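Everything on this sheet refers to the single structure shown next.
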Amino acid sequence: MATETLTLGKALNVGLRKALEGDPKVVIMGEDVGKLGGVFRITDGLQKDFGDQRVIDTPLAESGIIGTAVGLAIRGYRPICEIQFDGFVYPAYDQIVSQVAKMHYRSGGKLNIPMVIRIPFGGGIGAVEHHSESPEAYFAHTAGLKVVSCANPQDAYVMIQQAIASDDPIVFLEPKRRYWEKGQVDLDAPLADAYPLHAARVVRPGTAATLLAYGPMVRTCLDAATAAAEDGRDLEVIDLRTLSPLDLGVVYESVRRTGRAVVVHEAPSNVGLGAEIAARITEECFYSLESPVLRVTGFDTPYPAARVEEEYLPDLDRVLDAVDRAFGW
Amino acid sequence: MAKGDPGASTRGRRAAPRSKKATTGDPELVQLLTPAGERIDSVIGPDGTEYRVDFTAEEYRGLYRDLVLVRKLDAEATALQRQGELGLWASLLGQEAAQVGSGRALRTQDMAFPTYREHGVLYCRGIDPIMPLRLFRGVDQGGWNPDEFKFNMYTIVIGAQTLHATGYAMGVAMDGKTGTDDGEAVIAYFGDGATSQGDVNESFVWASVFNAPLVFFCQNNQYAISEPLERQTRVPLYRRAAGFGFPGIRVDGNDVLATYAVTRHALDNARHGQGPTLIEAYTYRMGAHTTSDDPTRYRIASEVEAWQAKDPIARVKTFLEREQIADASFFAEVDEQARREAVDLRERVLALPNPEPSTMFDHVYPNGSPLLDEQRAQFSRYLESFEGSAH
């Protein structure tokens with residue numbers, strides 16, 4: 001088994017390379033994805049090896065990136081669009097929600113738009129404004145789109161390939177603050193045997209309460225669970241992985257067992273994914289709950305200046321505080 | 001209705017090659033058939049290209065038949081909307097020549113990306129004219145097969161399809177399908193209002209930078225709902241192309257011959273690998289933007305009358321009569337065919353069943369969604385809970 005230690009960013013790079021090798025119709029397009037290898041170097045070296053017709057440096061216009069990718073998809077290509085930062089996706093928002101998401105439906109199933117929209121998302125890297133946002137709820141609210149997020153190098157490597165192979169249009173959220181975190185990646189395991197793309201996963205079993213997170217907050221929740229264990233509280237952590245559609249079976253099973261749930265995300269709480277998850281758990285697991293489903297999220301402000309982002313972002317203490325409140329009910 | 005292709009025999013022709021012959025008419029407007037029905041032999045456009053057509057009598061009659069049929073079918077759809085049978089209709093009245101001229105200039109392998117008003121182009125692509133009425137009646141979202149007919153879905157969001165056309169054209173080039181006589185070309189339709197949109201300008205940038213085999217076909221019908229051209233631009237629209245690095249040309253959009261010649265030339269350039277062209281088909285929307293607006297609020301009768309004198313069908317008829325290419329029996333036969341097809345269309349529209357409610361859950365995702373499956377099941381159980389329900 002060819003297991004290697006890779007950063008999450010490198011795992012994505014290797015996954016993209018595998019996809020380019022495996023299907024001549026796969027193309028990568030975006031700003032600076034070629035010679036530069038992307039501002040986070042996720043496409044590093046790919047244009048050199050696959051040429052500028054497979055890894056396409058585009059003009060600087062996000063709607064153009066997505067809109068032309070729609071046309072390429074209609075032509076039979078499988079475009080992977082890189083949006084440079086979360087806060088720059090909005091000029092492409094119309095193309096994503098009005099065109100990418102609806103083309104299959106509009107055509108009565110005759111057209112597929114097998115497209116992946118990669119977005120480095122979330123905060124924690126000390127960036128200026130528009131570079132640290134969490135727009136997942138906008139996309140999860142749109143029928144026709146699927147939204148996923150990876151949280152570790154192994155998932156990054158596998159999920160990006162699964163997303164590219166899927167005929168569904170997929171918004172692929174990459175936790176940019178975790179790009180440099182390392183983990184073991186099995187490079188040879190067949191994709192067909194991999195854990196399904198649209199499935200949540202228990203990443204730490206536990207009995208006392210369930211922490212629900214995705215992307216950058218999975219690490220935070222795992223750290224919180226480690227700390228809680230020292231205090232004698234055995235927390236379960238679920239990496240949701242798929243944000244639309246949510247995979248709720250594993251969530252319900254866990255919450256029925258633990259009786260308590262805390263949803264953690266960086267995005268603002270108002271009309272965020274935590275609200276949806278809390279409502280669904282309440283509907284399905286009401287008689288199992290020992291306390292209300294709680295949320296730990298960013299605040300309902302624009303993403304703040306970098307020097308206060310550590311206060312804005314949910315951290316280990318805020319997660320543990322919520323767990324305490326769940327037990328104090 | 002007959003799926004016949006009355007103008008099909010005009011396919012396979014190319015616009016005449018360049019020559020240095022003398023020009024006539026307005027240098028800013030390519031025209032081959034005047035409003036009075038007089039033929040202009042050839043025109044050298046501002047790009048130096050000589051535009052001419054040399055149709056057989058049968059081909060001229062085919063174009064006339066197309067024009068009359070699409071006008072009649074459009075009128076029938078407007079009537080159906082007025083009677084409450086369609087939720088909305090976007091009429092092409094006045095724009096028949098721009099659509100038939102460009103639509104017949106397309107070759108079988110060429111792909112078109114329309115707005116929601118391209119019923120004439122749709123007709124030329126051989127699609128059953130009931131398809132857009134299904135969309136506007138609300139029984140589906142317009143479900144013809146774009147691959148089969150080389151005619152993409154109608155796009156309601158203004159200008160969005162120009163980017164799709166550009167990407168598709170990039171794919172044509174990447175597939176190596178340009179550079180020969182049987183290469184592929186792509187055409188993107190949009191209106192004067194769309195030229196203000198970011199997507200249209202972005203598509204100009206992309207098409208130019210990637211040398212996409214694409215024809216931008218702007219039907220300048222002078223109004224974006226109520227907003228006149230002056231609210232969109234301070235320069236003639238075709239001149240914008242120069243700033244993006246490709247040719248732009250204005251054609252008399254009420255002249256089916258000139259529209260055909262100019263479009264065929266631009267498509268051939270594209271298919272031969274010479275990149276994009278912007279065509280501004282200068283025309284006029286004789287009716288409302290859609291059946292929801294009242295054009296008497298924003299334009300004056302004298303303007304409409306001036307454009308009525310430039311009617312795209314009347315001038316062809318005058319020409320056919322003058323040149324004795326067609327006689328009264330031909331015109332009567334075309335009118336009768338149009339009437340029959342309109343009646344047929346009406347009957348079929350009225351017979352369209354409403355879709356089963358549960359079909360709203362179909363085709364949201366190619367690979368489905370468990371949450372949606374659950375919602376569909378819940379909805380079905382809800383419908384079944386009504387006693388004596390037909391569902």
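Given the structure is predicted, the values throughout are model-derived calculations rather than measurements. These values consider heavy atoms only, across backbone and side chains, with no hydrogens, waters or symmetry-generated copies. A note on names: the letters A, B, ... follow the listed sequences, proteins ahead of strands, and every chain is numbered from 1.
- Annotation: maximal heavy-atom pairing with chain A below 4.5 Å, among B:Thr359, B:Thr162, B:Ile156, B:Asn145, occurs at B:Asn145.
- In this view, A:Arg257 and A:Glu236, A:Glu253 satisfy the salt bridge (Lys or Arg N to Asp or Glu O under 4.0 Å) rule, not counting sequence neighbours.
- Counting all heavy atoms, side chain and backbone alike, A:Pro59 lies closest to B:Phe210 at CD-CE1, 3.8 Å.
- The CD1 atom of A:Ile170 sits 10.5 Å away from atom OH of B:Tyr365, with the distance rounded to the nearest 0.5 Å.
- Both the backbone and the side chain of B:Ala160 come within less than 4.5 Å of a heavy atom of chain A.
- Interface remark: of the candidates B:Gln161, B:Glu202, B:Glu148, B:Glu202 forms the most heavy-atom pairs closer than 4.5 Å to chain A.
- Along residues 66-87 of chain A, the residues that come nearer than 4.5 angstrom to chain B, judged on non-hydrogen atoms, are A:Gly67, A:Thr68, A:Val70, A:Gly71, A:Leu72, A:Ile74, A:Arg75, A:Tyr77 in order of number.
- When heavy atoms are compared at a cutoff of 4.5 Å, B:Met131 does not approach chain A at all.
- In this structure, chain B has heavy atoms under 4.5 Å from both the backbone and the side chain of A:Ile65.
- Only the side chain of A:Arg280 comes within contact range of chain B, with heavy atoms under 4.5 Å apart.
- For a heavy-atom cut-off of 4.5 Å, chain A lies close to B:Pro366, B:Asn367, B:Gly368, B:Ser369, B:Pro370, B:Leu371 in residues 366-376 of chain B.
- With a 4.5 angstrom heavy-atom cutoff, A:Gln95 touches chain B only via side-chain atoms.
- A pairwise comparison of heavy atoms in B:Leu163 and A:Ser63 identifies CD1-O, 3.4 Å as the closest pair.
- Residue contact with chain B, scored on non-hydrogen atoms closer than 4.5 Å, involves the backbone and the side chain of A:Lys146 alike.
- For B:Gln197, no part sits under 4.5 Å from any heavy atom of chain A, backbone or side chain.
- The contact between A:Leu246 and chain B is made by backbone and side chain atoms together, counting heavy-atom distances below 4.5 Å.
- In this structure, chain A has heavy atoms under 4.5 Å from both the backbone and the side chain of B:Val172.
- Within the model, atoms CZ of A:Arg106 and CG of B:Leu135 stand 9.5 Å from one another, a figure rounded to the nearest 0.5 Å.
- Only the side chain of B:Met153 has a heavy atom closer than 4.5 Å to any heavy atom of chain A.
- When atom types are taken as modelled, the side chain of A:Lys110 and the backbone of B:Gly143 share a donor-acceptor pair closer than 3.5 angstrom.
- Neither the backbone nor the side chain of A:Asp247 comes within contact range of chain B, judged by heavy atoms closer than 4.5 Å.
- Note on B:Thr166, B:Asp199, B:Val205: by heavy-atom pairs under 4.5 Å with chain A, the leading option is B:Asp199.
- For A:Asn112, the part lying under 4.5 angstrom from a heavy atom of chain B is the side chain only.
- Looking at A:Thr142, only its backbone comes within 4.5 Å of chain B, counting heavy atoms on both sides.
- For chain A, the nearby parts of B:Asp175 are the backbone and the side chain; heavy atoms of each come within less than 4.5 Å.
- In this structure, the ring-ring contact (aromatic ring centres under 6.0 Å, His included) partners of B:Tyr154, at least two apart in sequence or on a different chain, are B:His119, B:Trp144.
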